[in-house]
Amino acid sequence: MIRTRFAPSPTGYLHIGGVRTALFCWLFAQRNAGKFILRIDDTDQERNVQDALKPILDGLKWLGIDWDEGPEVGGPFGPYYQSQRTELYQAAAEELIRRGAAYRDYATPEELQVERDAAQAEKRDFVYSRRWMAETPADAARFEAEGRTFVVRLRMPREGTLTIDDHIRGRVEFQWAREQDHVVQRADGSCLYHLANVVDDHAMRISHVIRAEEHLSNTPRQIFMIEALGYERPEYAHLPFVAEPGSKVKLSKRKLDKYLKDRDFAKLVEHGRQIAQAIGAETKLDEFNPVVVDFYREVGFLPDAVVNYLALLGWSLDDKTEHFMPSDLVKHFSLDRVNNSPASFDPVKLQAFQDRHMQQLPMAQKTVMVLPYLQRAQLVPAPAGADVEAKVTRVLEAAGDRIKIAGDVLDFAEFFTADDELPYDEKAFDKRIAKAADAPALLAKFREVLAGCDPFDAPTLDAALHQFVEAEGVGIGQIIHALRVATTGKGVGLGMFDTMAILGRQSCLTRIDRALARK
RNA sequence: GCCCCCUUCGUCUAGUGGCCCAGGACAUUGGAUUCUCAGUCCAAAGACAGGGGUUCGACUCCCCUAGGGGGUACCA
């Protein structure tokens, strides 16, 4: 049975790099009819674990990365919160000592530092002297009599080679002598990450440890514990980093300021911010930024598009296939096609995937997706009636590829605002109506044509306008722009005839009159 | 410092000794189409980090150098 896990810390947000790791774990489990386990690494004992966890669970769910065992769903190997498993870790630390693979160390941090400094001065690697190692209860008693406290250290081998066959890196060798006697239990009795990790992976029967490359160097000490404890060694796959845009440095939420200097990144943030403002959402830079998964949900990306992009950040099927739905990924994913060099996160390319997925989204789903944005912007009533939904669909149909993320509907607010409240783009109004020589006259005249147009649909309107300009002996450009500004308040928009048809005769006439009167 | 990993167009990547004077996608630039915008279509430009080997033949194998990244904590 293939079992993989993702073990996030409850940090309050789901990082784009982290979620890529989760995705690969999930995909691998799915592909092999295995289980994907979510384990919460809350050993730091933050007080609001649940609050800090929620965005992470929500993000995973939104993307469709569901877990077979973990928070909310439980499972046979719980609890799935590391803070609730401390006795297990302490017992393991005891066991390690009992088996001679670890020892109580009574050195003070200062004493250790002296040894370290000495090693450095002599330009040799630091190797702990084990001078304050308690080998017997008598030693321990003696040290304790001196008022010392202990930590538990691993008694690492000082010779030999460790070989790891990593599914992505291939064969990697480490010299045991380079490893330190790492601490696994603190003086206060709490246990460190690596121990907890080993214990939980074993207890939860994890067969494949799929994690970021930063853990590769930490693997030897974990394997040491695994073998000392008599556990079975899992398979390993160390994923390359997700790096900053245009770089090979690991992506980090902290460095948003830096990323904002990237033009494309800044544009995305700005775009998202406008949408968020229109719908009254929070835009604190901390959570509202493209390094955090929540950002994409807020502004209306398609989860499938994000998953598609993320999957291709380090994995590929072949030299041409790029469009994948989650089920396709599940069908084709394999660890051997994960490449081993860091991939930099490119928001522009993510957008391209979004565009493609959006283009293929059935209209009914698109409507459902877009509706909440109109509602939150108060352009449409909260339970939308069938007529409203029908209108939204018509706008969507006319908009075609222009709506790239759900929040983009708000670019077409003119279809939902009252005629007498329609705002004008002053520049466009000036150019197309106020300062356009014959446009107002043409507009007034065409208004009468419109009044008699029947049926009031796009083809009829199209024919009517063409007939009109021909009769007047003018080019279509001389009136159509003015018509657009008059009916929508804007210089750019959907096809003119679709626009008028959706607006309906009455709105068109009212708006034209209003624009003409304004001039 | 030491250890480990990585290195193909700006970016994501294909390539597992001849199919490659290196293929695709995004981005870029030109052109076409159109009532604006979005799109669509066509075209162009653009890479094997460097140096040594091995081989009849290296993007592919080996070594070295350089660059980048990660680890080296009583962080995770």
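Here is the naming used below: chain letters follow the sequence lines, and residue numbers restart at 1 for every chain.
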Nearest whole Å is fine: how far is [N] [atom2] from [X] [atom1]?
{"X": "A:H481", "N": "B:rC35", "atom1": "NE2", "atom2": "P", "answer": "9 Å"}
{"X": "A:Q180", "N": "B:rA73", "atom1": "CD", "atom2": "P", "answer": "6 Å"}
{"X": "A:L494", "N": "B:rU36", "atom1": "CG", "atom2": "P", "answer": "14 Å"}
{"X": "A:F324", "N": "B:rA25", "atom1": "CZ", "atom2": "C1'", "answer": "12 Å"}
{"X": "A:R356", "N": "B:rA38", "atom1": "CZ", "atom2": "P", "answer": "19 Å"}
{"X": "A:E179", "N": "B:rU72", "atom1": "CD", "atom2": "P", "answer": "10 Å"}
{"X": "A:L162", "N": "B:rC3", "atom1": "CG", "atom2": "P", "answer": "16 Å"}
{"X": "A:E322", "N": "B:rC12", "atom1": "CD", "atom2": "P", "answer": "13 Å"}

For [N] and [M], measure between their [atom1] atoms and round to the nearest Å.
{"N": "B:rU7", "M": "B:rA44", "atom1": "C1'", "answer": "28 Å"}
{"N": "B:rU8", "M": "B:rA14", "atom1": "C1'", "answer": "10 Å"}
{"N": "B:rG18", "M": "B:rG39", "atom1": "C1'", "answer": "43 Å"}
{"N": "B:rU11", "M": "B:rU28", "atom1": "P", "answer": "15 Å"}
{"N": "B:rC6", "M": "B:rA25", "atom1": "C1'", "answer": "23 Å"}
{"N": "B:rA27", "M": "B:rC63", "atom1": "P", "answer": "40 Å"}
{"N": "B:rA49", "M": "B:rU33", "atom1": "P", "answer": "43 Å"}
{"N": "B:rC48", "M": "B:rC41", "atom1": "P", "answer": "30 Å"}

Are [X] and [Y] linked by a side-chain donor-acceptor pair shorter than 3.5 Å?
{"X": "A:E111", "Y": "A:T108", "value": "yes"}
{"X": "A:Y103", "Y": "A:D181", "value": "yes"}
{"X": "A:R211", "Y": "A:N218", "value": "no"}
{"X": "A:T393", "Y": "A:T367", "value": "yes"}
{"X": "A:Y89", "Y": "A:D200", "value": "yes"}
{"X": "A:R169", "Y": "A:H238", "value": "no"}
{"X": "A:D117", "Y": "A:Q113", "value": "yes"}
{"X": "A:Y128", "Y": "A:Q180", "value": "no"}
{"X": "A:E179", "Y": "A:H182", "value": "yes"}

Would you indicate, yes or no, if [N] has its OP1 or OP2 atom less than 4.0 angstrom from a side-chain nitrogen or oxygen of [X]?
{"X": "A:R432", "N": "B:rU36", "result": "no"}
{"X": "A:K404", "N": "B:rG39", "result": "yes"}
{"X": "A:R211", "N": "B:rG70", "result": "no"}

Counting heavy atoms from C-beta on, name the nucleotide in [options] closest to the side chain of [X].
{"X": "A:N218", "options": "B:rC75, B:rG71, B:rC35", "value": "B:rG71"}
{"X": "A:Q359", "options": "B:rG39, B:rC74, B:rG69", "value": "B:rG39"}
{"X": "A:K349", "options": "B:rC35, B:rA14, B:rG24", "value": "B:rG24"}
{"X": "A:V183", "options": "B:rU13, B:rC2, B:rC74", "value": "B:rC74"}
{"X": "A:E213", "options": "B:rC26, B:rC5, B:rC2", "value": "B:rC5"}
{"X": "A:R484", "options": "B:rU36, B:rC6, B:rC4", "value": "B:rU36"}
{"X": "A:M496", "options": "B:rC37, B:rG69, B:rC35", "value": "B:rC35"}
{"X": "A:K250", "options": "B:rC12, B:rG70, B:rC2", "value": "B:rG70"}
{"X": "A:R337", "options": "B:rC35, B:rA14, B:rC6", "value": "B:rA14"}
{"X": "A:S344", "options": "B:rU11, B:rC74, B:rG39", "value": "B:rU11"}

Give [X] one of three labels, base, sugar-phosphate or nothing, depending on what nucleic acid heavy atoms sit under 4.0 Å from its own.
{"X": "A:A187", "answer": "base"}
{"X": "A:N339", "answer": "sugar-phosphate"}
{"X": "A:F497", "answer": "base"}
{"X": "A:E173", "answer": "sugar-phosphate"}
{"X": "A:F174", "answer": "sugar-phosphate"}
{"X": "A:H215", "answer": "base"}
{"X": "A:G400", "answer": "nothing"}
{"X": "A:H194", "answer": "base"}
{"X": "A:G314", "answer": "sugar-phosphate"}

Between A:R116 and A:E214, just flag the one whose closest nucleotide in RNA chain B comes earlier from the 5' side.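 Mapping each residue to its closest nucleotide by heavy atoms, the 5'-most match is A:E214.
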
_First encountered from the 5' end of RNA chain B, between A:V172 and A:L313_ =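 Between the two, 5'-proximity favours A:V172.
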
Scan every strand shown for a Watson-Crick or G-U wobble partner of [N], both distances under 3.5 Å, and answer none if you come up empty.
{"N": "B:rU40", "answer": "B:rA32"}
{"N": "B:rG1", "answer": "B:rU72"}
{"N": "B:rA22", "answer": "none"}
{"N": "B:rU7", "answer": "B:rA66"}
{"N": "B:rC61", "answer": "B:rG53"}
{"N": "B:rA45", "answer": "none"}

Q.
Between the base of B:rC37 and the side chain of A:R402, is one N or O donor paired with an acceptor at under 3.5 angstrom?
A.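 Indeed there is one.
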
- Query: Is there a donor and acceptor pair closer than 3.5 Å between the side chain of A:K320 and the base of B:rA25?
  - Reply: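 No, no donor-acceptor pair under 3.5 Å.
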
**Prompt:** If we only count heavy atoms from C-beta on, is the A:V269 to A:P290 side-chain gap below 4.5 Å?
**Reply:**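 Contact flag for A:V269/A:P290 side chains = yes.
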
